[in-house]
Amino acid sequence: MKDIIAFKFGNQLIDTQSATDEISKNGEAIFFDNSPEALEVIRHSAAHLMAQAIKELYPDAKFFVGPVVEEGFYYDFKTSTKIGEEDLKAIEKKMAQLAKKGYSIEKYTISKDEAVSKFSGDELKQLVLSNIPSDEVSIYRQGEFEDLCRGPHLPNTKYLKFVKLTKIAGAYLGGDENSEMLTRIYGVAFATKEALKEHLHMLEEAEKRDHRKIGNQMGLFFFDDKVGAGLPIWLPAGGRLRAKLESYLFKAHRKRGYQPVRGPELLKSDLWKLSGHYQNYGENIYFTSIDEQEYGIKPMNCLGHIKIFQHSLHSYRDLPLKFFEYGVVHRHEKSGVLHGLFRVREFTQDDAHIFCREDQIKSEVIEVLNFVDTIMKIFDFEYSLEISTRPEKYIGSDEIWETATQSLKEALLENGIQFDIDEGGGAFYGPKIDIKIRDSIGRKWQCGTIQVDFNLPERFDITYIDEENKRVRPVMIHRAILGSFERFIGILTEHYAGEFPFFLAPTQIVIIPIKEGHQPYAQELAKKLVDMEVDVEIYDQNESLNKRIRTAEKSRVPMIVVLGDREVENRTIALRDRRERTKSNITEKEFLELIKEKLDEVEF
RNA sequence: GCCCAUAUAGCUCAGAGGUAGAGCACUUCCUUGGUAAGGAAGAGGUCGGCGGUUCAAGUCCGCCUAUGGGCUCCA
């Protein structure tokens, strides 16, 4: 029988130190294993153990908060010593020593006033205390080490045998950029050695899917410090992949009534001032000057589309009007946040603006959500939705924000769609629904977005003519399905580990003629495939057959066609499947039909 | 932008103050092979950049640039 380390009572985890007789009798026992509840307790105590170790190694260390997070735990602290990655090993070692000592973890309660004087020399703890509303606080003690904490904790440090410190990072005190920077150490802990090993192995495997690594291997894109940080350069293979994605998505938009339009890359600053971008988004915009006039390089495509709307008169009958553009935008992102294709300074959005009547908002939002869902299903993506509400910097009245936010919520609620709320995460001109997808190591990235905007229509005074021949203000819905091609292709790459589905793969078919005499057939076949808009490569290098097959396999190409005497003679092809490594012989005609089928079955 | 780390050949990486290395890729030649590496030879580097310490710096120090992990921000 495994040891009991806590109880679940109602929805709360209560440790053995805090459990009353009633709870230990009636609560659900949490055993020392790898259940989510047990791991929460284990990791919380692991954070304390780490703090204890740090305190012994760096006696002047002061601690802020040490919570359990999705990926494990961390503790924020400060010390006069510089701590680097190398030091993690020493801390881990110290932790192991302390764990072995088998300190029992004790809890006692004191008044907040007592706590304030107890931690009088510790400004970080004072800050933590000032954020605690109750008059009583609990202290956990293991050996010499004491920490202000509400628990839950393990009964003893002896359980903390399988802990790994994973990374060290700086973290602003309270997440505030203007506050001082503390040191943060992340770690994970498990109940068993196997679970820890498995977790670390999983991370290793996930790293192999990293789009930066695969993008490099497959020649999709690169960055060059002579060109500039955050400015991706697309190589031919990446270009082919991207062109296919763009083309499918283009048709998908046309089918849904979107009109292709295009705005200029830079617009006069006066216009950005009118929209509010200058005041609210200015630090992200690159400015330049032409003939002594200031221009801003567009960080968004909305102004161009608004101008297009303004260019002609619109009847209520025309609405909703949908303009779309693969808009290239530049945004000044802080240097520290750039990250492969996931966060860059130049990217292309699959952007559109829907101009509609107020009573059309809900149905339009739902239509966009369906569009998103269709695309995500094609790629087999799991995604989550988040509603982002009014940020600190914003334009427009509170009522307008309330109406806009409400319309988004209603659209989701009425369709029974689950969503989270990101308070203060909205765009400065309106609230939004963000579509988030996880990368290979579980980080969430915003891809698609749907934003309801009453403000820019007002600022630009755009109108349509209603049934009674009156001018009425339309509402704008800003939306992107993939978000940006850069980020989405990054996510796709990790999702498929570079093994893209046939219709997207940069090279879809590799043809391998066994010897020189088979080349004419290979070229003939390749030509037919190119006519079908399939990307083909012929591997006729002076290498052994095995070598060329190996190279093709390694390149993650979906289909390999081998041609030899038999195939030339019978007009057949020998097909090798990438995943199954199976071989099949079919006629050339059957093969071309198969390819056509594969392409036709893809429908955005 | 801030904290910590990293930067050596096209790629992956070794080299811890004393004459720059390996594997893969590339070029040439031999080999014409039926489903995951045939053989040989060759070419390729201002060791990210600038400055400093030293008789001597890829190696030590400083600054800059870029990259990675976080914080913050966002498609």
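To find a chain, count down the sequence lines: A is the first, B the second, and so on, and within it residues start at 1.
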Starting at the 5' end of RNA chain B and moving along, which residue's nearest nucleotide shows up first, A:Ala574 or A:Asp224?
-> A:Ala574
Counting only side-chain N and O atoms of A:Lys547, is one of them less than 4.0 Å from OP1 or OP2 of B:rA36?
-> no
Polar atom pairs (N or O), protein with nucleotides 10-15 of chain B, under 3.5 Å:
| from | atom 1 | to | atom 2 | distance (Å) |
| --- | --- | --- | --- | --- |
| B:rC11 | O3' | A:Asn216 | ND2 | 3.2 |

Which part of the nucleic acid, if any, lies within reach of A:Glu207 when heavy atoms closer than 4.0 Å are counted: base, sugar-phosphate only, or nothing?
-> nothing
With a non-hydrogen cut-off below 4.0 angstrom, is A:Ile83 in contact with a base, only sugar-phosphate, or nothing?
-> sugar-phosphate
How far, in whole Å, is B:rU67 from B:rU12 if one measures between their P atoms?
-> 15 Å
Can you tell me the distance, in whole Å, between the CD1 atom of A:Ile560 and the P atom of B:rG34?
-> 17 Å
Pairwise C1' distance for B:rU32 and B:rC24, with rounding to whole Å = 24 Å
What nucleic acid atoms does A:Gly230 come within less than 4.0 Å of, heavy atoms only: base, sugar-phosphate, or nothing?
-> sugar-phosphate
How far does the P atom of B:rU28 sit from the matching atom of B:rA43, given to the nearest Å?
-> 15 Å
Name the nucleic acid region contacted by A:Thr183, choosing base, sugar-phosphate or nothing; use a 4.0 angstrom heavy-atom cut-off, strictly under.
-> nothing
Check the surroundings of atom NZ in A:Lys164: do more than 12 heavy atoms from other residues, nucleotides or ligands lie under 6.0 Å from it?
-> no
Kindly assign one of parallel, tilted or perpendicular to the pair A:Trp401 and A:Tyr394, based on the angle between their ring planes and the thresholds 30° and 60°.
-> perpendicular
Encode nucleotides 68-75 of chain B as B, S and - characters from 5' to 3', where the letter depends on protein heavy atoms closer than 4.0 Å: B to the base, S only to sugar-phosphate, - to neither.
-> SBBBBBBB
What's touching nucleotides 31-33 of chain B from the protein side, N or O pairs under 3.5 Å?
| from | atom 1 | to | atom 2 | distance (Å) |
| --- | --- | --- | --- | --- |
| B:rU31 | N3 | A:Asn542 | OD1 | 2.8 |
| B:rU31 | O4 | A:Asn542 | OD1 | 2.6 |
| B:rU31 | O4 | A:Asn542 | ND2 | 2.4 |
| B:rU32 | O4 | A:Glu516 | OE2 | 3.1 |
| B:rG33 | N7 | A:Ile514 | O | 2.4 |
| B:rG33 | O6 | A:Ile514 | O | 2.6 |
| B:rG33 | N2 | A:Glu543 | O | 3.4 |

Looking only at atom C1', what distance separates B:rU19 and B:rA56, rounded to whole Å?
-> 12 Å
For nucleotides B:rA25 and B:rA37, find the distance between their P atoms and express it as a whole number of Å.
-> 12 Å
For A:Lys226, answer base if it contacts any base atom (sugar-phosphate contacts may also be present), sugar-phosphate if it contacts only those atoms, and nothing otherwise; contact means non-hydrogen atoms under 4.0 Å.
-> nothing
C1' spacing across the pair B:rC4 / B:rG45, given as an integer number of angstrom = 30 Å
Just call it for A:Gly564: base, sugar-phosphate, or nothing, with non-hydrogen atoms closer than 4.0 Å on any strand.
-> base
When you compare B:rG18 with B:rU27, how far apart are their P atoms, in angstrom units rounded to a whole number?
-> 37 Å
